[in-house]
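Quick notes on the structure that follows.
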Amino acid sequence: MVTDIFAVIADHTRRDILRELRAGDKAVGELVEALDASQPTVSKHLKVLRDAGLVTTRAQGQKRYYALRLEPLAEVGGWLTSLRTTAGSPLDEAAATAGGASLPAAQLPAGAGVGAPSSALAGVDSGTRPQQIQRSVERTVERAAKGAAEIIANLPKWRRKEPGRQA
């Protein structure tokens, strides 16, 4: 079970699932169609999201519906808040430009921390320092996610030896 919320949201497909669920509860089939992904892939990512507490599931007939839970993202919001070390920091200025003063973690803009690059700093000129910081953080998270995926993909496959077969 993955307990690091940052590791959970580092995957692009999982962030896409979270974005889709912002609109409301969806069945696995609806997510498969919206993401243009295979059912096993979506189910695998939903299990990770469920284990991390980011989604809940309910059965209705033969279908399973998933709903978004934002509470676990408080850790991400707390981390973003910790970046605001002083009043008047670039992140505070970006929040003020986006239409609010320094936003607490529970009031982060929709999509902040879920991989929506422009939504967290909407209204900020593309050349300003807060926008550059945001892009730098996003690139770092993407690189970390790709590196982790590469490491996992290259791990040896552990299989049970078949009886009578030499390794």
Side-chain angles (χ1 to χ4, degrees), residues 1-83 91 94-95 98 103-124 126 130-159:
M1 180 164 91
V2 178
T3 56
D4 182 13
I5 197 72
F6 292 98
V8 172
I9 64 173
D11 186 273
H12 189 332
T13 303
R14 290 193 282 267
R15 290 192 310 269
D16 287 345
I17 291 170
L18 293 174
R19 273 191 218 100
E20 286 296 320
L21 291 176
R22 278 190 352 203
D25 298 4
K26 293 197 178 193
V28 176
E30 294 171 306
L31 291 169
V32 166
E33 186 176 312
L35 300 174
D36 195 28
S38 70
Q39 189 275 328
T41 298
V42 171
S43 292
K44 175 187 79 166
H45 289 295
L46 283 169
K47 180 184 183 326
V48 173
L49 291 168
R50 189 177 58 242
D51 289 347
L54 285 167
V55 297
T56 59
T57 183
R58 68 178 165 80
Q60 186 173 345
Q62 291 185 348
K63 291 186 176 182
R64 299 236 181 269
Y65 286 88
Y66 288 84
L68 179 62
R69 287 189 64 240
L70 294 176
E71 294 83 9
L73 289 174
E75 180 181 348
V76 176
W79 178 76
L80 288 172
T81 301
S82 73
L83 291 178
L91 290 175
L103 296 175
Q107 296 177 352
L108 285 174
V114 194
S118 61
S119 66
L121 295 174
V124 177
S126 61
Q131 187 68 25
Q132 293 169 352
I133 292 170
Q134 178 69 23
R135 283 195 305 261
S136 175
V137 169
E138 289 170 355
R139 283 192 302 265
T140 302
V141 169
E142 287 293 325
R143 272 185 264 144
K146 286 178 184 174
E150 185 177 326
I151 289 169
I152 291 170
N154 291 322
L155 287 174
K157 306 290 186 233
W158 301 101
R159 291 188 238 167

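Fair warning: this is a prediction, and the values are worked out from it, not measured in the lab. Side-chain atoms are counted along with the backbone in the values below, which use heavy atoms only and exclude waters and symmetry mates.
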Taking only residues two or more places apart in sequence or in another chain, which ones pass side-chain hydrogen bond (donor to acceptor under 3.5 Å, both in side chains) with Glu30?
none
What's the spacing between His12 NE2 and Ile17 CD1 if we round to 0.5 Å?
11.5 Å
Taking salt bridge (charged side-chain N to carboxylate O under 4.0 Å, His left out) as the test, write out the residues that go with Lys47, two or more places apart.
Asp51
What ring pair (Phe, Tyr, Trp, His ring centres under 6.0 Å) pairs are there with at least one residue in residues 35-80, not counting sequence neighbours?
Phe6-Trp79
side-chain contact (heavy atoms from CB on, under 4.5 Å) between Leu31 and Leu21, worked out
CA-CA 9 Å; Leu31 291 169; Leu21 291 176; 4.2 Å; yes
Taken in chain and number order and not counting sequence neighbours, the residues that satisfy side-chain hydrogen bond (donor to acceptor under 3.5 Å, both in side chains) with Thr57 are none
Minimum heavy-atom distance between Val28 and Ser43, given as atom pair plus value
CG1-OG, 4.0 Å
Rounded to the nearest 0.5 Å, how far apart are NZ of Lys44 and CD of Gln39?
12.5 Å
Can you tell me how far OG1 of Thr140 sits from CD of Glu138, rounded to the nearest 0.5 angstrom?
10.0 Å
Could you go step by step and tell me if Ile9 and Leu73 meet the side-chain contact (heavy atoms from CB on, under 4.5 Å) rule?
CA-CA 9 Å; Ile9 64 173; Leu73 289 174; 4.1 Å; yes
side-chain hydrogen bond (donor to acceptor under 3.5 Å, both in side chains) against Ser136, all qualifying residues, sequence neighbours excluded:
none
What distance do Glu20 atom CD and Asp16 atom CG have between them, rounded to the nearest 0.5 Å?
7.5 Å
First locate atom OG1 of Thr41, then atom CG of Leu46, and finally report the distance between them rounded to the nearest 0.5 Å.
11.0 Å
So, using side-chain hydrogen bond (donor to acceptor under 3.5 Å, both in side chains) as the criterion, who are the partners of Glu142 when residues are at least two apart?
Arg15
Got a second to check how far Arg14's CZ is from Arg19's CZ, nearest 0.5 Å?
13.5 Å
For Pro72 versus Gly53, what's the shortest heavy-atom pair and its separation?
CG-O, 3.1 Å
